[in-house]
Student: 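Submitted below is the structure of interest, expressed as structure tokens.
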Amino acid sequence: APAPSRVLQVGPLQPSLDRRVREHYDSVRLDEQPDPTGFLTLHGADFVTAVTTSRIGVSDELMAALPRLRAIVNFGVGYDTTNIAMATARGIQVSNTPDVLTDCVADAAVGALINVMRRFAAADRYVRRGDWTLGGYPLARKVSGSRIGILGLGRIGRAIARRLEAFGTQIRYHTRSIVDDVPYDHVDSAEKLAAWCDVLVVATSGGPGTRGLVSEAVLTALGPDGYLVNIARGSVVDEPALVDALVTDRLAGAALDVFADEPNVPPALLDLDKVLLLPHIASATRETREAMGDLAFRNLWQFMADGTLLTPVPAQEPRGTPR
Ligand code: 8YV
């Protein structure tokens with residue numbers, strides 16, 4: 001019978017997670033196999049656990065090629081790259097790494113928001129180019145006291161809101177259902193929230209439920225004096241509509257850490273000083289990535305010990321399942 005402790009590493013992992021998995025388990029890097037498909041045909045039944053990241057996930061095809069898979073351990077809080085309904089139907093548990101990255105992602109969202117409203121990155125380039133000798137830098141927008149709309153008020157959305165309270169901002173949010181224990185007003189649509197706020201911060205999860213939530217209509221409602229901050233997933237925003245709104249000055253600016261087709265960024269954005277472009281780094285600090293790797297490993301360790309996960313994601317019924 002296949003060795004039950006074999007672990008499939010779907011792709012590259014955070015270094016200390018990679019080291020610990022190799023130290024404690026018979027692990028195999030799928031992406032290092034010369035013929036991954038042939039390898040899975042021969043050995044797919046060896047693996048009851050797979051370790052992956054939010055960026056890669058476990059595809060439907062890979063899940064189907066692992067007939068004895070019982071757990072997917074995910075490095076990252078987002079799990080939109082794995083079909084949870086398919087995993088649920090197969091009795092496969094999935095874990096993620098919540099909480100340990102909340103502060104860093106919220107810090108990044110606030111930093112990006114300040115940066116793009118005050119145009120600090122563009123001002124830095126202005127000085128480095130020697131343009132300061134040509135005259136003063138254009139006026140920017142005040143962050144303190146501005147109106148902040150937050151899409152998604154989970155752990156990260158709440159942490160962003162708490163930080164922005166300190167700037168004397170007015171805060172409202174939109175989620176599918178009202179969140180009880182917060183001092184902010186709920187707005188019943190993304191479009192209405194965008195019409196009200198100066199800055200729309202995207203802090204939702206990714207996946208089918210939020211795809212295209214920031215539509216052309218939402219961007220139009222946000223308007224020529226509005227800013228968009230996205231530290232969630234590129235899929236939440238209608239990216240072509242965003243690019244068009246920015247290029248045609250129907251939005252004041254955007255701070256983007258995530259994109260529809262990473263690492264490819266729409267070329268039209270590359271020359272816009274009103275846009276802050278970041279390479280998906282909201283959680284990318286030494287401390288947080290170590291903590292994420294440790295939590296991912298502890299999920300794997302616990303599953304191997306007793307078949308349970310420390311931080312399982314909610315099971316999902318296949319879409320259209322009668323309640
Ligand atoms: C990670 C993220 O950088 O946690 C997530 O969902 O998007 C980031 O924190 C990335 O997913 C790691 O692969």
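Just so you know, residue 1 is the first one in the sequence shown, and it goes up from there. Remember, it's 1-based here, ligands and their atoms both numbered in the order they're listed.
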Student: Got an N/O contact under 3.5 Å between Val77 and ligand 1?
Tutor: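 Yes.
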Student: Answer yes or no: is there an ion pair linking Asp131 with Arg125, defined by an N-O contact shorter than 4.0 Å?
Tutor: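 Between Arg125 and Asp131 there is no salt bridge, as every charged N stays at least 4.0 Å from the carboxylate O atoms.
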Student: Could you tell me if any non-hydrogen atom of Met292 lies under 4.0 Å from any atom of ligand 1?
Tutor: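 Checking ligand 1 against Met292, which is what was asked, there is a heavy-atom contact under 4.0 Å.
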Student: Specify whether Tyr184 and Tyr173 have parallel, tilted or perpendicular ring planes, treating 30° as the upper limit for parallel and 60° as the lower limit for perpendicular.
Tutor: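 The rings of Tyr184 and Tyr173 stand perpendicular, inter-plane angle above 60°.
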Student: Suppose we measure from atom 10 (C) of ligand 1 to each protein heavy atom; which comes out shortest, and what is that distance?
Tutor: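 Here the closest protein heavy atom is Arg55 NE, 3.8 Å.
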Student: Inspect the contact between Arg162 and Asp103 and indicate whether a charged nitrogen and a carboxylate oxygen are less than 4.0 angstrom apart.
Tutor: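 Judged by the 4.0 Å cut-off on N to carboxylate O distance, Asp103 and Arg162 do not form a salt bridge.
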Student: Which heavy atom of the protein is the closest neighbour of atom 9 (O) of ligand 1, given with residue, atom name and distance?
Tutor: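 Minimum-distance protein heavy atom for atom 9 (O) of ligand 1 reads Ser283 OG, 2.7 Å.
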Student: Measure across Asp46 and Arg68 and return the closest heavy-atom pair with its distance rounded to 0.1 Å.
Tutor: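 Result for this residue pair: O-NH1, 4.0 Å.
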Student: Between ligand 1 and Leu101, is the shortest N or O to N or O distance under 3.5 Å?
Tutor: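 For ligand 1, there is no N or O atom that lies under 3.5 Å from one belonging to Leu101.
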Student: Any idea which atoms of ligand 1 are less than 4.0 Å away from a heavy-atom of Thr53?
Tutor: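 In order of number, 13 (O).
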Student: Linking I/L/V/M/F/W/Y whenever any side-chain heavy atoms sit under 4.5 Å apart, do Val7 and Leu309 land together?
Tutor: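 Looking at the clustering, Leu309 is in the same group as Val7.
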Student: How does Glu262 reach ligand 1, if at all, at less than 4.0 Å between non-hydrogen atoms: by side chain, backbone, both, or neither?
Tutor: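 For Glu262, there is no contact with ligand 1 at all, from either part.
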Student: Considering the heavy atoms of Gly76, write down every atom of ligand 1 situated less than 4.0 Å from one of them.
Tutor: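 Under 4.0 Å from Gly76, ligand 1 has these atoms: 4 (O), 5 (C).
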Student: Taking the six-membered ring for Trp, are Phe297 and Tyr25 parallel (under 30°), tilted (30 to 60°) or perpendicular (over 60°)?
Tutor: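 Phe297 vs Tyr25 ring planes: tilted.
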Student: Does any pair with a residue in residues 84-130 pass ring-ring contact (aromatic ring centres under 6.0 Å, His included), and if so which ones, sequence neighbours excluded?
Tutor: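 Passing the test, one end in residues 84-130: Tyr126-Tyr137.
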Student: Any idea which protein heavy atom is nearest atom 11 (O) of ligand 1, and the distance to it?
Tutor: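 It is Ser54 CB, 3.0 Å.
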Student: Sequence neighbours left out, what passes side chain to side chain contact (heavy atoms under 4.5 Å, CB included) with Asp198? Give chain and number order.
Tutor: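 With sequence neighbours excluded, Asp198 shows a side chain to side chain contact (heavy atoms under 4.5 Å, CB included) to Arg141, Ser146, Arg147, given in chain and number order.
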Student: What is the nearest protein non-hydrogen atom to atom 2 (C) of ligand 1, stated with its residue, atom name and distance?
Tutor: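 Its nearest protein heavy-atom neighbour is His280 NE2, 3.5 Å.
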Student: Above 12 or not: heavy atoms from other molecules or residues under 6.0 Å from CG of Leu270?
Tutor: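 Counting neighbours around CG of Leu270, more than 12 heavy atoms of other residues, nucleotides or ligands fall under 6.0 Å, so yes.
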Student: Applying a 4.0 Å heavy-atom criterion (strictly less than), which segment of Arg233 is in contact with ligand 1: side chain, backbone, both, or neither?
Tutor: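 Only the side chain of Arg233 comes within reach of ligand 1.
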Student: Please list, in number order, the atoms of ligand 1 under 4.0 Å from a heavy atom of Gly78.
Tutor: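 Going through ligand 1 atom by atom, the ones under 4.0 Å from Gly78 are 4 (O), 5 (C), 6 (O).
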Student: Quick one: nearest non-hydrogen protein atom to atom 3 (O) of ligand 1, plus distance?
Tutor: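 Going by distance alone, atom 3 (O) of ligand 1 is nearest to Arg289 NH2, 2.6 Å.
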